[in-house]
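Everything numeric here is computed off the predicted structure, so don't read it as measured data. For the numbers below, each heavy atom of this structure counts, side chains included, while hydrogens, waters and symmetry mates do not.
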Amino acid sequence: TFPLRGVAEAPPSKRVLRFRCKARETTGREFELLLPGLRAEPGEEFRVELQAAAQVQDVVRQSVTVEVVDADAVRGSDDPITLHLHMHPPKPFRARTQLVVTKASGGRWRGETHLEADEPDADDTIAIQAELGQRTSVAIALCNSQDSFAPFKAGFSLDSAAEFTVAPSDGMLPPQGAEGETIVVTFSPKEFGKVCHGRLVVETADDQWVYDVVGTQPRYAKP
């Protein structure tokens, strides 16, 4: 014996919803959707979820929630359902998802949604000064934002000056509150008088830290 349950699903909506904000910032937005063919009774319950590809499903779940604002106001297909989307992404990402609305007593509607979290503002600026042909290093200590160890990767963005290096490039961040993992940034200028800029990114599966790095040389003092 196999129990069967059929759910009628409306044709996908042609409307594409787009939501965007910077990583580590918060945005909220209310929007309305029409549900073709809907017949709802008083007290009808609706469930809303975002379905995404496996490689981005975790970050979407951490970053975005969608809730029904007033289900009692929805009686038929001419009454739009009001939804509230809350977005607080811990790190940059882009994802195409399916926004799925399901009525408890039967019926399902879906539409395409584009989510985008841009690069965040820098957490801090690291200033390093070194003589031409010499090396100067600055160390920072980082912990995971949660009470557990987390593997990390550290590196400079592609548009950063080649005079900067970071070590280690990967490792394990200790839990929040523990003594931080030491990450060393080194500056070795190759041209006289040049100010170098870099963007250091330290990233775990759930979080990201960004630093603007500025490398200068000591002001020349005439003998």
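Nearest heavy atoms, Val166 versus Ala154: CG1-O, 3.9 Å. Residue Glu131 comes nearest to Pro189 through the heavy atom pair O-CG, 3.2 Å, listed as atom of the first residue, atom of the second, then distance. In plain terms, the two heavy atoms of Arg39 and Lys103 that are nearest each other are O-NZ, 3.4 Å. Of all the heavy atoms in Val7 and Gly107, the pair that sits closest is CG1-N, 3.8 Å. A pairwise comparison of heavy atoms in Val56 and Val59 identifies O-CG1, 3.2 Å as the closest pair. Pairing each heavy atom of Arg20 with each of Met87, the nearest pair is N-SD, 4.4 Å.
The distance from atom OG of Ser169 to atom NZ of Lys153, rounded to the nearest 0.5 Å, is 9.0 Å. Taken to the nearest 0.5 Å, the CG atom of Leu173 stands 9.0 Å off from the CG atom of Asp207. Rounding to the nearest 0.5 Å places SG of Cys196 at 7.5 Å from CD of Gln217. Taking CD1 from Ile128 and CD from Glu163, the interatomic distance works out to 11.5 Å, rounded to the nearest 0.5 Å. Going from atom CG of Leu33 over to atom CH2 of Trp109 covers 11.5 Å, rounded to the nearest 0.5 Å. In this structure, Leu34 CG and Glu32 CD are separated by 8.0 Å, a value rounded to the nearest 0.5 Å.
Residues Cys143 and Pro175 form no side-chain contact, since every pair of their non-hydrogen atoms from C-beta on lies 4.5 Å or further apart. Put simply, the side chain of Gln176 does not reach to within 4.5 Å of the side chain of Asn144, judged on heavy atoms. You'll find the side chain of Glu181 reaches within 4.5 Å of the side chain of Pro174, heavy atoms only. Using a 4.5 Å heavy-atom cutoff, the side chains of Val16 and His114 are in contact. Side-chain contact between Leu99 and Leu83 is present, with heavy atoms from C-beta onward closer than 4.5 Å. You'll find the side chain of Asp124 stays beyond 4.5 Å of the side chain of Trp209, heavy atoms only. The closest side-chain heavy-atom distance from Gln129 to Thr136 is not below 4.5 Å. You'll find the side chain of Ser105 reaches within 4.5 Å of the side chain of Glu44, heavy atoms only.
Under the 4.0 Å criterion applied to side-chain N and carboxylate O atoms, Arg199 and Asp159 are not assigned as salt-bridge partners.
Looking at Arg24, its side chain does come within 3.5 Å of a backbone N or O of Asp121 through a donor-acceptor pair. Using modelled atom types, no side-chain atom of His84 and backbone atom of Val66 make a donor-acceptor pair closer than 3.5 Å. Side-chain atoms of Lys91 come within 3.5 Å of backbone atoms of Thr204 as a donor-acceptor pair (strictly under, hydrogens ignored).
Within a 6.0 Å sphere centred on CZ of Arg108, heavy atoms belonging to other residues, nucleotides or ligands number more than 12. For Lys190, the NZ atom is densely surrounded, since the number of other residues' heavy atoms within 6.0 Å is greater than 12. For Glu45, the CD atom sits in a loose shell: 12 or fewer heavy atoms of surrounding residues, nucleotides or ligands are nearer than 6.0 Å.
Using a 4.5 Å cut-off between side-chain heavy atoms of Ile, Leu, Val, Met, Phe, Trp and Tyr, with links allowed through other members, Val64 and Val101 fall into the same hydrophobic cluster. Taking hydrophobic clusters as Ile, Leu, Val, Met, Phe, Trp and Tyr residues chained together by side-chain heavy-atom distances below 4.5 Å, Val213 shares a cluster with Ile140. Cluster annotation: Val210 is not connected to Val185 through the hydrophobic network of ILVMFWY side chains, with a link wherever side-chain heavy atoms come within less than 4.5 Å. Using a 4.5 Å cut-off between side-chain heavy atoms of Ile, Leu, Val, Met, Phe, Trp and Tyr, with links allowed through other members, Phe19 and Val100 fall into different hydrophobic clusters. Cluster annotation: Ile126 is not connected to Val201 through the hydrophobic network of ILVMFWY side chains, with a link wherever side-chain heavy atoms come within less than 4.5 Å.
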Take Val138 and Tyr211 through the test side-chain contact (heavy atoms from CB on, under 4.5 Å) and record every step on the way to the result. CA-CA 12 Å; Val138 171; Tyr211 298 90; over 6 Å; no
Check the pair Leu17 / Leu85 against side-chain contact (heavy atoms from CB on, under 4.5 Å), numbers first and verdict last. CA-CA 11 Å; Leu17 301 171; Leu85 181 139; over 6 Å; no
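The stretch residues 53-71 participates, sequence neighbours left out, in these side chain to side chain donor-acceptor pair (under 3.5 Å) pairs: Gln62-Asp206. Listed by first and then second residue, the ring pair (Phe, Tyr, Trp, His ring centres under 6.0 Å) pairs involving residues 139-173 are Phe156-Phe164, Phe164-Phe187 (not counting sequence neighbours).
Across Val68, Val48, Val69, Leu38, a single residue satisfies side-chain contact (heavy atoms from CB on, under 4.5 Å) together with Ile81, and that is Val68.
Using a 3.5 Å distance cut-off with no hydrogens or angles, the side chains of Glu30 and Thr82 do not pair a donor with an acceptor.
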